[in-house]
Undergrad: 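My questions will all concern the structure given below.
Note that ligands are numbered from 1 as they come in the structure, with each ligand's atoms numbered from 1 the same way.
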Amino acid sequence: MVSWFRRDKPEPVKPEDSKRRLSIEELAAAFPDNRPAPRDDAQTTEAPPPAPVEPAPAQTPAPAPAPSAPPVEDRAAAVAAAAAASAALRESEAAPAAASGKSGWRERLRGGGFARNLGGLFARNPKLDDDLLDEIETALLTADVGVAATTELVEAMRKRMKAREFADAAALLTALRGELIALLQPVARPLVIDAGARPFVILTVGVNGVGKTTTIGKLAKRFKDEGHMLMLAAGDTFRAAAVAQLQAWGERNDVAVVAQGQDADAASVAFDALQSAKSRGADVLIADTAGRLHTQQGLMAELGKIKRVLGKVDPAAPHEVLMVVDGTTGQNAISQLRQFHAAAGVTGLVVTKLDGTAKGGVVFALAREFGIPIRYAGIGEQPEDLRVFDAEAFVDALLPEALGPANAMGVG
Ligand SMILES: Nc1nc2c(ncn2[C@@H]2O[C@H](COP(=O)(O)OP(=O)(O)OP(=O)(O)O)[C@@H](O)[C@H]2O)c(=O)[nH]1
């Protein structure tokens, strides 16, 4: 599949070219059905992307990927995958906004470990005693809330229980909900597009496979719906299908995508895209970057380079460094954020894949450890499955106030 993107005959491509319709093969490549799982070890065998060179001037035509014909069996698989992708797109577009509002959150998060363990615990009508606190502690740790945050929460509950503040377990549940909401409230700060920045530049970063490109697609839809004139920069020039994937999202939302193809210099793509967005009067530019492990120092340094290059066009850019974190990663997300923050100065987070994970508790650990705003939560793969992060809605979804057998989420 990688060979489709090798350049037999390089051709110049302009930003406008991104508006062309994608072929069925490109669509298939853009929506692969068996993505590798994200890796969090440093022993990757993948070759790193090429070291960045000085950015090309904005008007320099860049070589376009010129897909060569895939073998017949690959083509058949591609056609089948494309058909599935198109059907999925149609389905998602036709689907009612089932996941809107608090009920939508609850709907999506109910299968998760947090909801199941903690919710199930209270749904059993437990006795108010130390055993209950031990069980809460285990449930929080299992959901990856982390040792520090868990200890703080449980000790706060223990103190209040000893002070006879709670009449029963239901009262403790209410207090625990309050503590959880209080932990998240300071970081539930939505992204505000500064109208004075033309364009407002969002640089997305994160490790491999966390959902960066998908999140950009979801954001494109959101911003478009809000009436913004936006553009996308296909800065993930490493993964074979990433450019086509972003172009597919762009096409779907009628948003221009600036691309130079696979293996292009990511900083050059960002530079080009910002110049283009400026000259077209776009008010938002979202730049994708290749996934990279936080332990790969060379690749982490490349993020600093991309930022500096953007700063040459607009000293205030990027206005937001949005790190996408996979909510299923567990405590590893902490070290990821630490390294990305050091390399690129993260200003906001998107926590993805919170639907159905046993590890959704990492959101609390991130909030406690860094205090960096959590802008959005990804709760599914469809365009509408990106929510502005709301502390109360999130806690409400994981641990509803009224827990009885009827409300015990995912229990049994
Ligand atoms: N269930 C679920 N899946 C998601 C969510 N966000 C993204 N995904 C899926 O995660 C997979 C990886 O998403 P991508 O957007 O390709 O990830 P990426 O970070 O751009 O990947 P790299 O370019 O390899 O770094 C895809 O199968 C997405 O559909 C989410 O909120 N929930």
Undergrad: Looking only at side chains, do Ser268 and Gln260 share a donor and an acceptor under 3.5 Å apart?
TA: yes
Undergrad: Take Glu302 and Lys305, measure what salt bridge (Lys or Arg N to Asp or Glu O under 4.0 Å) needs, and give me the verdict at the end.
TA: CA-CA 5 Å; Glu302 187 195 49; Lys305 164 90 186 272; over 6 Å; no
Undergrad: May I ask whether Gly380 has any heavy atom positioned less than 4.0 angstrom from an atom of ligand 1?
TA: yes
Undergrad: Would you indicate whether Lys221, at its atom NZ, is surrounded by more than 12 heavy atoms from other residues, nucleotides or ligands within a distance under 6.0 Å?
TA: no
Undergrad: In terms of atom number and element, which parts of ligand 1 are under 4.0 angstrom from non-hydrogen atoms of Asn208?
TA: 25 (O)
Undergrad: Hey, is Asp355 touching ligand 1 through its side chain, its backbone, both or neither, going by heavy atoms under 4.0 Å?
TA: side chain
Undergrad: For the side chain of Thr328 and the backbone of Leu354, is there at least one donor-acceptor N/O pair under 3.5 Å apart?
TA: no
Undergrad: Within ligand 1, which atoms have a heavy atom of Gly378 less than 4.0 Å away?
TA: 31 (O)
Undergrad: Go through ligand 1 atom by atom and flag the ones less than 4.0 Å from a non-hydrogen atom of Gly291.
TA: 25 (O)
Undergrad: Between Val210 and ligand 1, which part of the residue brings a heavy atom under 4.0 Å of the ligand: side chain, backbone, both or neither?
TA: both
Undergrad: Any heavy atom of Asp385 sitting closer than 4.0 Å to ligand 1?
TA: no
Undergrad: Can an N or O of Leu354 be found at a distance shorter than 3.5 Å from an N or O of ligand 1?
TA: no
Undergrad: May I ask whether Arg292 has any heavy atom positioned less than 4.0 angstrom from an atom of ligand 1?
TA: no
Undergrad: Report yes or no: does Ala242 have a heavy atom closer than 4.0 Å to ligand 1?
TA: no
Undergrad: Are there over 12 heavy-atom neighbours, none belonging to Gln297, within less than 6.0 Å of that residue's CD?
TA: no
Undergrad: Using a plain distance cutoff, I'd like to know if Arg239 has any nitrogen or oxygen under 3.5 Å from a nitrogen or oxygen of ligand 1.
TA: yes
Undergrad: Consider only side-chain N and O atoms of Thr150 and Glu137, and report whether a donor and an acceptor are under 3.5 Å apart.
TA: no
Undergrad: Which is closest to atom 3 (N) of ligand 1 by heavy-atom distance: Gln382, Glu381, Gln245?
TA: Glu381
Undergrad: Parallel, tilted or perpendicular: which describes the rings of Phe389 and Phe394, with under 30° parallel and over 60° perpendicular?
TA: tilted
Undergrad: Please report the closest heavy-atom contact between Arg189 and Arg375, naming both atoms and the distance.
TA: O-NH1, 2.8 Å
Undergrad: Would you confirm whether Glu392, through its side chain, and Ile181, through its main-chain N or O, come within 3.5 Å as a donor-acceptor pair?
TA: no
Undergrad: Using a strict 4.0 Å cut-off to heavy atoms of Ile379, name the atoms of ligand 1 that fall inside it.
TA: 31 (O)
Undergrad: What about Lys212: any of its N or O atoms under 3.5 Å from an N or O on ligand 1?
TA: yes
